[in-house]
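So the structure is just underneath, and the comments pick up after that.
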Amino acid sequence: MEELKISTKENKPLLDKIQDVSFRRGIVFPAADIYGGLAGAFDYGPIGTLMRQKLINFWRDYFVKSEGHYEIEGSLILPPKVFEASGHLAKFCDPLVQCKECKSMFRADKIIEDKIELNADGLAPKELDEIIAKNKLTCPSCDGAFMNAREFNLMLKTQVGSVEGNVAYLRPETAQNIFINFKRVAHSMRAKLPFGIAQVGKVYRNEISPRQFIIRVREFEQMEVEAFFAEEQLDNPPHFEELADEVLPLLTREMQAKGIKKSKNVTVAEAVQKKLIPNAAMGYYLAKEKILFEEVGVNTELIRFRHMLPKETPHYSGGNFDLEIKLSIGWTEVVGNAFRQQYDLISHEKHSGTKMAVQHTNGNVIPFVIEPSIGVGRTLYCILESCYRETEDRDWTWFQFPPTISPYDVHVYPLMKKDGMEDKAQEIFEELRGEGFEVAFDTSGKIGKRYARADEIGTPYCVTIDYDSLKDDTVTIRDRDTMKQIRVHLEDLNDVLILLLSSEYAFDEVEDIIAEQQK
RNA sequence: GCACCGAUGGUCUAGACUGGUCUAGGACUCCAGCCUUCCAAGCUGGGUACCCGGGUUCAAAUCCCGGUCGGUGCACCA
């Protein structure tokens, strides 16, 4: 019976295991679960929320503050004019036709383009129906007749105010807030090119079929930078030398045409020089992303940057590169890197009448835009998969999160609840919390069970208060990865934890470093 | 959105075909207490479930219909 249980667990797909532990340990829950849920919507639980905060803070520090970018927080709900200008109202919309016989759905414009080689892009459903009728187009799978075409807009529509029909949309990307605030930010912050505007926030897309846990959802979060450059600055971005030798795993269009799946490693400088990527600014951000993913616990062996094919990118793109990660469910887009050129600012200038040019050396220019857009939920999922462990040395599953992402830094436990150990542990817990550590406290059950629980949510260190602690003010620190322990004096606890959480020293070394300091 | 399949405590599941001893059983988990000076395994007690709505029937976890959610395939994924 026991063996049977273990074997079913081992046979489970990784995504299912991650989902189980997420529900069980408070990482992610289905939204409105007690009412049967809503497809494509999830809530973060307490543990997931801590992780999400750590991820966003890390990004904020590394992608925003260290670059001197300006972070804003824009409205989720926006008027239709924004999306007329951005092109989402026309392009983010698929006209679908359904076969009367076999009920298959197709994109009406694709059917027309495939069969009679007529560009039907952007036509209204009525026009599409007419073309289909005139050319007697039928279902590719069963030759049946089509029903009338219907618009399927991927944006979620709502109403504002008391008057019927006053339409607004939930934003399908965070980018537009940045473009429509571009002038305000540039002026209020006296920004000089090149500069960046960053934003993290929710976006909404009415996906036809959300699937695969938190990978394809209707509401998700982006951490995004729009980096603005004068044209001549694109090949000479700030700090470029710092990352010029970083290696990028690239999958070029050429390689894709040949059916090659495995990326080739090219340094940023080489990629720029060989024109494998649009410009140095793009290369700089790709390198930065790779480092970010490494720092938050994603195995970089699983990363590639894929040059999107022309049909996958909008016409104004100067070359998009997706950061894809090889998950158990296949290669998955986690970051979209778009070279949007001047498209958005020019379009908003045209539609709104607001001049988007900003002062630059001699005169006004409309800057070029590089957009690294990181999916928060997908990144968290990648971290979960990449850090998930089932090992021989323990009967439970665990997460090998780096401290940059682990929900807690440390758990504090009394060895047992008696003889004053609980009070002492409580004191130490509160002290550590006061020092700014993310710390949890637990007294229930045996110590081994508590270590297992800490492992299961990937807490790197546990501090245990035992009988010796009561005598000589020393405590043990247990290392999640090795299950080894060291004993430190309470006076050193704070420093030791800081050393350990910096990840710069091996667990064994830290004891010696402290001993050294005391001499 | 289509087709097929599925849904029982926090998790894995028994029961469903053949409606009624099912006031739904087990294992793990969880909670309380005892025991225990370091890796989920001892003892005692306890908590928690038939996805939602309707129908058939004397009687529904079980049969039927609709919905929701999930899986797979198709389609979709600016």
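Per chain, numbering begins at 1; letters A, B, ... match sequence-line order. As a basis for the values below, the full set of heavy atoms in this structure was taken, side chains included, without hydrogen atoms, waters or symmetry mates.
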query: Sequence neighbours excluded, which residues qualify as salt bridge (Lys or Arg N to Asp or Glu O under 4.0 Å) partners of A:Asp344?
result: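 Partners of A:Asp344 under the salt bridge (Lys or Arg N to Asp or Glu O under 4.0 Å) test: A:Arg340.
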
For atom [atom1] of [X] and atom [atom2] of [N], their distance in whole Å:
X        : N     : atom1 : atom2 : result
A:Met421 : B:C38 : CE    : P     : 10 Å
A:Ile214 : B:G70 : CD1   : P     : 14 Å
A:Ile47  : B:G10 : CD1   : C1'   : 15 Å
A:Arg394 : B:A41 : CZ    : C1'   : 17 Å
A:Gln212 : B:C77 : CD    : C1'   : 11 Å
A:Asp481 : B:C39 : CG    : P     : 18 Å
A:Asp20  : B:C28 : CG    : C1'   : 13 Å
A:Arg24  : B:G10 : CZ    : P     : 13 Å

query: Could you give all pairs that pass the side-chain hydrogen bond (donor to acceptor under 3.5 Å, both in side chains) test and reach residues 31-52 of chain A, with sequence neighbours left out?
result: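 Residue pairs passing side-chain hydrogen bond (donor to acceptor under 3.5 Å, both in side chains), neighbours aside: A:Arg52-A:Glu221.
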
task: May I have all residue pairs that pass side-chain hydrogen bond (donor to acceptor under 3.5 Å, both in side chains) and include part of residues 209-218 of chain A, sequence neighbours excluded?
output: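 Every pair satisfying side-chain hydrogen bond (donor to acceptor under 3.5 Å, both in side chains) with a residue in residues 209-218 of chain A: A:Asn206-A:Arg218.
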
Could you please name the partner base of [N], counting Watson-Crick and G-U wobble pairs only when both distances are under 3.5 Å?
N     : answer
B:G19 : none
B:A3  : B:U72
B:A14 : none
B:A49 : none
B:U56 : none
B:U36 : none

query: A:Arg450 near the nucleic acid: base, sugar-phosphate alone, or nothing, with a heavy-atom cut-off under 4.0 Å?
result: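 No contact.
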
message: Could you tell me if the side chain of A:Phe228 sits less than 4.5 Å from the side chain of A:Ile370, heavy atoms only?
response: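 Side chain of A:Ile370 against side chain of A:Phe228, heavy atoms only: no contact under 4.5 Å found.
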
field: Side-chain touch A:Asp409/A:Leu497, heavy atoms, less than 4.5 angstrom
entry: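 Sidechains of A:Leu497 and A:Asp409: no contact.
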
Determine whether the aromatic ring centres of [X] and [Y] lie less than 6.0 Å apart.
X        : Y        : result
A:Tyr169 : A:Tyr204 : no
A:Phe321 : A:Phe339 : no
A:Tyr343 : A:His315 : yes

query: Under the 6.0 Å and 45° cation-pi test, does A:Arg480 pair with A:Tyr461?
result: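 No, cation not above the ring by the 6.0 Å, 45° rule.
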
Sequence-distant partners of [X], side-chain contact (heavy atoms from CB on, under 4.5 Å), two or more places apart:
X        : answer
A:Asn181 : A:Ile72, A:Asn177, A:Val185
A:Asp419 : A:Tyr467
A:Asp322 : A:Met308, A:Glu324, A:Glu333

task: Report the residue (A:Thr476 or A:Gln19) whose heavy-atom-nearest nucleotide on RNA chain B is the more 5′ of the two.
output: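 Final value for this comparison: A:Thr476.
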
field: Closest-nucleotide 5' rank along RNA chain B - winner of A:Ile465 and A:Asp16
entry: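 Nearer the 5' end of the strand: A:Ile465.
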
Hey, is the side chain of [X] pairing donor to acceptor with the base of [N] inside 3.5 Å?
X        : N     : answer
A:Asp395 : B:A41 : yes
A:Arg478 : B:C38 : no
A:Ser209 : B:C76 : no

Separation between the [atom1] atoms of [N] and [M], rounded to whole Å:
N     : M     : atom1 : value
B:G10 : B:U48 : C1'   : 8 Å
B:A27 : B:G33 : P     : 23 Å
B:C50 : B:C28 : P     : 23 Å
B:C12 : B:C30 : C1'   : 15 Å
B:U8  : B:C52 : C1'   : 15 Å
B:C65 : B:A24 : C1'   : 25 Å
B:A16 : B:A61 : P     : 14 Å
B:U13 : B:G67 : C1'   : 27 Å

Which nucleotide in the list [options] gets nearest to the side chain of [X]?
X        : options             : result
A:Met483 : B:A40, B:C39, B:C74 : B:C39
A:Gln485 : B:A40, B:C39, B:U72 : B:C39
A:Arg211 : B:C77, B:C74, B:C39 : B:C74

Residues from [range] sitting under 4.0 Å of RNA chain B, heavy atoms only?
range                       : answer
residues 32-42 of chain A   : A:Gly36, A:Gly37, A:Leu38, A:Ala39
residues 328-340 of chain A : none
residues 309-318 of chain A : none

task: Would you please name every residue forming a ring pair (Phe, Tyr, Trp, His ring centres under 6.0 Å) with A:Phe399, sequence neighbours left out?
output: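 Residues passing ring pair (Phe, Tyr, Trp, His ring centres under 6.0 Å) with A:Phe399: A:Tyr388, A:Phe401.
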
message: Nearest 0.5 Å, please: how far is CG in A:Leu345 from CD1 in A:Ile366?
response: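 Result: 6.5 Å between the selected atoms.
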
- request: Can you measure from CD (A:Glu422) to CZ (A:Phe429) and round to the nearest 0.5 angstrom?
  value: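 Going from CD on A:Glu422 over to CZ on A:Phe429, the span is 12.0 Å.
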
message: If you compare all heavy atoms of A:Glu173 against all heavy atoms of A:Arg205, which two are closest, and at what distance to 0.1 Å?
response: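 Nearest pair, atom of A:Glu173 first, then A:Arg205: CB-NH2, 4.2 Å.
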
- request: Please identify each residue that fulfils side-chain hydrogen bond (donor to acceptor under 3.5 Å, both in side chains) with A:Arg378, with sequence neighbours left out.
  value: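 Testing A:Arg378 for side-chain hydrogen bond (donor to acceptor under 3.5 Å, both in side chains), a comparison that skips the adjacent residues, returns none.
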
- request: Could you run through nucleotides 30-37 of chain B and give me one letter per nucleotide, 5' to 3': B if any protein heavy atom sits under 4.0 Å from the base, S if only the sugar-phosphate is that close, - if neither?
  value: SS-S--BB

